[in-house]
K.L.:
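My structure is below; once you've seen it, I'll send some questions.
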There are 2 protein chains.
Amino acid sequence: MTTFQLGIDLGGTNTTLGFVTRQGRVVACDHFSTEASKGPRDWSGRACRKALEMMDLAGIKPGAVQGAGIGAAGLIDQETGRILQSPNFKGWVRVPAARLLARKLRIPVAIDNDVNAMALGEALFGGGRGLTDVFCIALGTGVGGGLFLKGEIYRGTTYSAGEIGHVTIDPDGPFCACGNQGCLEAFVGTAGILRTADAWIERNPRSKMARFASKHRLTVKDVADLAKSGCSSARDVLKHTGMMLGIGLAGVVNLLNPSAIIVGGRVAQAGRFLFRPLRETLKRRAMSVPRRAVQVRPAQLGPRAGMIGASMLPLGYARIFR
Amino acid sequence: MTTFQLGIDLGGTNTTLGFVTRQGRVVACDHFSTEASKGPRDWSGRACRKALEMMDLAGIKPGAVQGAGIGAAGLIDQETGRILQSPNFKGWVRVPAARLLARKLRIPVAIDNDVNAMALGEALFGGGRGLTDVFCIALGTGVGGGLFLKGEIYRGTTYSAGEIGHVTIDPDGPFCACGNQGCLEAFVGTAGILRTADAWIERNPRSKMARFASKHRLTVKDVADLAKSGCSSARDVLKHTGMMLGIGLAGVVNLLNPSAIIVGGRVAQAGRFLFRPLRETLKRRAMSVPRRAVQVRPAQLGPRAGMIGASMLPLGYARIFR
């Protein structure tokens with residue numbers, strides 16, 4: 001009998017559920033509104049009902065689902081399965097989300113933060129498939145990292161490892177939302193990229209990007225699209241972004257000597273305009289032995305990476321709650 | 001019967017040998033000249049004779065020595081026990097040092113690089129005693145790091161993890177011996193500290209440090225001594241050094257969330273003049289959760305750390321050769 005894992009990506013807006021085979025194939029995927037849930041207990045009820053509905057539609061028998069995993073933004077205590085801190089769910093602090101869901105679903109449940117779940121998904125089935133030492137970086141409003149070392153998720157002593165977004169890469173750089181100065185996130189997070197774009201627009205007010213920005217509120221996707229359509233200002237913005245990303249990732253290469261670095265998040269879709277300066281910076285700033293050993297790749301699982309990775313958590317990658 | 005481990009610190013100038021109990025107590029310690037050895041085979045003969053001589057003197061019976069470990073500067077291949085690259089031993093490239101010694105000593109032998117051996121020693125018996133996630137930094141001419149994660153040495157995919165000395169901390173900073181710009185080593189390695197001192201001397205030509213430097217060739221130890229004796233210029237140099245060290249280590253705190261950071265090497269003896277600005281920088285630049293979890297401590301085992309750590313390698317911390 002084919003068995004399935006249930007993966008749950010608990011996001012601030014939506015909760016995505018998926019049934020996944022042990023080989024990483026998604027056989028059913030759906031979502032419901034996290035925001036509409038009245039607190040954690042109501043949320044776990046909705047998750048359970050949605051899972052049963054999906055199983056019914058896909059013809060998955062209850063006995064075929066062996067475990068579930070949750071990926072949630074925030075600081076997750078592995079010992080207790082509780083969400084300790086979260087940017088999205090104010091009323092959820094110290095909620096034992098894993099136990100809550102295990103009681104409803106009557107299957108083993110594991111939990112981890114969203115970036116670790118994404119890193120696990122990409123390490124097992126995406127850009128890091130078959131490799132044992134993978135660093136995964138997620139670029140978005142925030143910039144986070146997940147460490148998959150020696151075939152396991154590395155969480156650090158208080159479960160907060162991977163915060164590459166707040167590693168200083170220029171001591172005198174712009175201030176970051178965290179209060180520190182010159183964090184990687186201040187350069188390659190959404191706000192950082194748009195700040196770089198503003199500076200370029202001021203310098204080249206007649207560029208395609210400047211003309212676009214005079215009519216629309218510029219987004220990172222616009223910058224990537226403009227770069228693809230040939231706008232040299234937009235390409236310069238991505239070049240600068242890739243270079244700063246390279247400075248941060250060269251540090252990871254030197255420090256961890258990983259076999260792969262997986263770059264995820266929407267910005268990664270800018271493709272070669274981002275990856276070329278990134279790789280050039282690695283050549284300049286990472287030591288030759290670890291640089292030759294590392295493959296730098298875009299993430300392959302897209303927005304489902306977190307859900308897929310979460311589904312694998314109970315298979316020896318995180319503590320199990322019943 | 002008390003059993004012993006033999007630790008061998010293979011340095012460019014001297015080879016230090018020690019017999020160590022499983023509890024980390026050194027019962028005998030001696031050394032011989034590495035430079036006088038005529039190649040690896042001669043060296044292993046000397047090491048064997050010195051070990052037998054020490055055992056004789058200390059009354060250690062052959063059956064009581066359970067294994068030996070070598071700590072050597074350079075890139076060590078764990079699969080083969082070979083020294084792949086080494087700054088000190090030009091004729092030693094690809095030498096199967098562990099096997100060579102195992103055949104002579106007729107006990108299991110393990111090998112790792114010197115900084116990993118030091119990190120293991122400090123993690124088990126020094127500043128990181130009892131902790132499972134320890135980052136160890138060695139400050140000297142070069143600046144290296146050793147990672148002890150989840151109770152094991154973390155070496156990366158090609159055994160070169162830990163190269164914190166070549167992590168960029170200021171993209172426009174001074175050039176480093178490695179060719180990159182603004183490496184941590186370019187600020188806190190011996191040459192970097194003396195460059196900072198030179199700048200201060202130029203700015204304050206009447207300071208105690210400037211007067212000292214006009215008569216002697218300034219060393220890092222002199223800077224530390226001058227700081228202790230009240231020279232404010234020397235204190236400023238160490239303050240700047242501690243601050244730059246703090247930028248690099250804040251990155252480690254954010255990325256790895258370790259329980260301890262152990263600072264070793266001679267410069268660490270500058271004490272509070274170095275550690276105060278280091279801790280202040282961590283407060284400013286590391287995130288609150290991992291910063292509160294980390295203890296920053298000077299190394300405790302001194303120059304014997306590498307030998308002591310090496311002696312423990314065969315006890316499950318490295319591959320064993322017979």
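Each chain gets a letter, A, B and so on, in the order its sequence line appears, and its residues count up from 1. Values reported hereafter were calculated over all heavy atoms of this structure, with side chains retained and with hydrogens, waters and symmetry mates removed.
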K.L.:
Within the 4.5 Å heavy-atom criterion, are A:Leu256 and B:Leu256 side-chain neighbours or not?
P.N.:
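The answer is yes; the side chains approach within 4.5 Å.
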
K.L.:
List in chain and number order the residues that pass side-chain hydrogen bond (donor to acceptor under 3.5 Å, both in side chains) with A:Asp236, two or more places apart in sequence or in another chain; answer none if no residue qualifies.
P.N.:
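A:Asp236 satisfies side-chain hydrogen bond (donor to acceptor under 3.5 Å, both in side chains) with A:Trp200 once adjacent residues are dropped.
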
K.L.:
When rounded to the nearest 0.5 angstrom, what is the spacing between OG in A:Ser160 and CZ in B:Arg292?
P.N.:
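Rounded to the nearest 0.5 Å, the OG-CZ separation comes out at 10.0 Å.
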
K.L.:
If you tally heavy-atom pairs under 4.5 Å against chain A, which of B:Val294, B:Thr158, B:Asp133 wins?
P.N.:
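Looking at each of B:Val294, B:Thr158, B:Asp133 in turn, B:Thr158 comes out on top.
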
K.L.:
First locate atom OG1 of A:Thr157, then atom CD of B:Gln295, and finally report the distance between them rounded to the nearest 0.5 Å.
P.N.:
9.5 Å

K.L.:
Under 6.0 Å from the CZ atom of A:Arg276, do we count more than 12 heavy atoms belonging to anything else shown?
P.N.:
no

K.L.:
What's the shortest heavy-atom distance between A:Pro171 and B:Asp170, and which atoms?
P.N.:
CD-CA, 4.0 Å

K.L.:
With rounding to the nearest 0.5 Å, note down the distance linking CG in A:Asn254 to SG in B:Cys178.
P.N.:
8.0 Å

K.L.:
Between B:Pro290 and chain A, with a heavy-atom cut-off of 4.5 Å, which part of the residue counts as in contact: side chain, backbone, both or neither?
P.N.:
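Both backbone and side chain.
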
K.L.:
Where does B:Leu75 contact chain A at under 4.5 Å (heavy atoms): side chain, backbone, both or neither?
P.N.:
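Only the side chain of B:Leu75 comes within 4.5 Å of chain A.
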
K.L.:
Mind ranking A:Met244, A:Met243, A:His166, A:Arg155 by heavy-atom pairs under 4.5 Å with chain B and telling me who comes out on top?
P.N.:
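Highest number of pairs under 4.5 Å: A:His166.
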
K.L.:
What's the verdict on side chain to side chain contact (heavy atoms under 4.5 Å, CB included) for A:Ile169 and B:Thr168, showing C-alpha distance, side-chain angles and the deciding distance?
P.N.:
CA-CA 7 Å; A:Ile169 59 161; B:Thr168 304; over 6 Å; no

K.L.:
Can you name the closest pair of heavy atoms from A:Gln181 and B:Arg285 and give their distance?
P.N.:
O-NH1, 2.8 Å

K.L.:
Apply side chain to side chain contact (heavy atoms under 4.5 Å, CB included) to A:Leu255 and B:Tyr154, showing your working.
P.N.:
CA-CA 10 Å; A:Leu255 211 53; B:Tyr154 180 76; over 6 Å; no

K.L.:
Taking salt bridge (Lys or Arg N to Asp or Glu O under 4.0 Å) as the definition, give me every residue that meets it alongside A:Glu152, ordered by chain and number, with sequence neighbours left out.
P.N.:
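Expected list: B:Lys150.
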
K.L.:
Counting heavy-atom pairs closer than 4.5 Å to chain A, which one of B:Val167, B:Ile164, B:Leu149 comes out on top?
P.N.:
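With the most close heavy-atom pairs to chain A, the winner is B:Leu149.
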
K.L.:
Mind listing the closest non-hydrogen atom pair of B:Asn257 and A:Tyr159 along with its distance?
P.N.:
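Where B:Asn257 meets A:Tyr159 most closely, the heavy atoms are ND2-N, 3.1 Å.
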
K.L.:
Using non-hydrogen atoms and a 4.5 Å limit, figure out which bit of B:Gln85 sits close to chain A: side chain, backbone, both or neither.
P.N.:
side chain

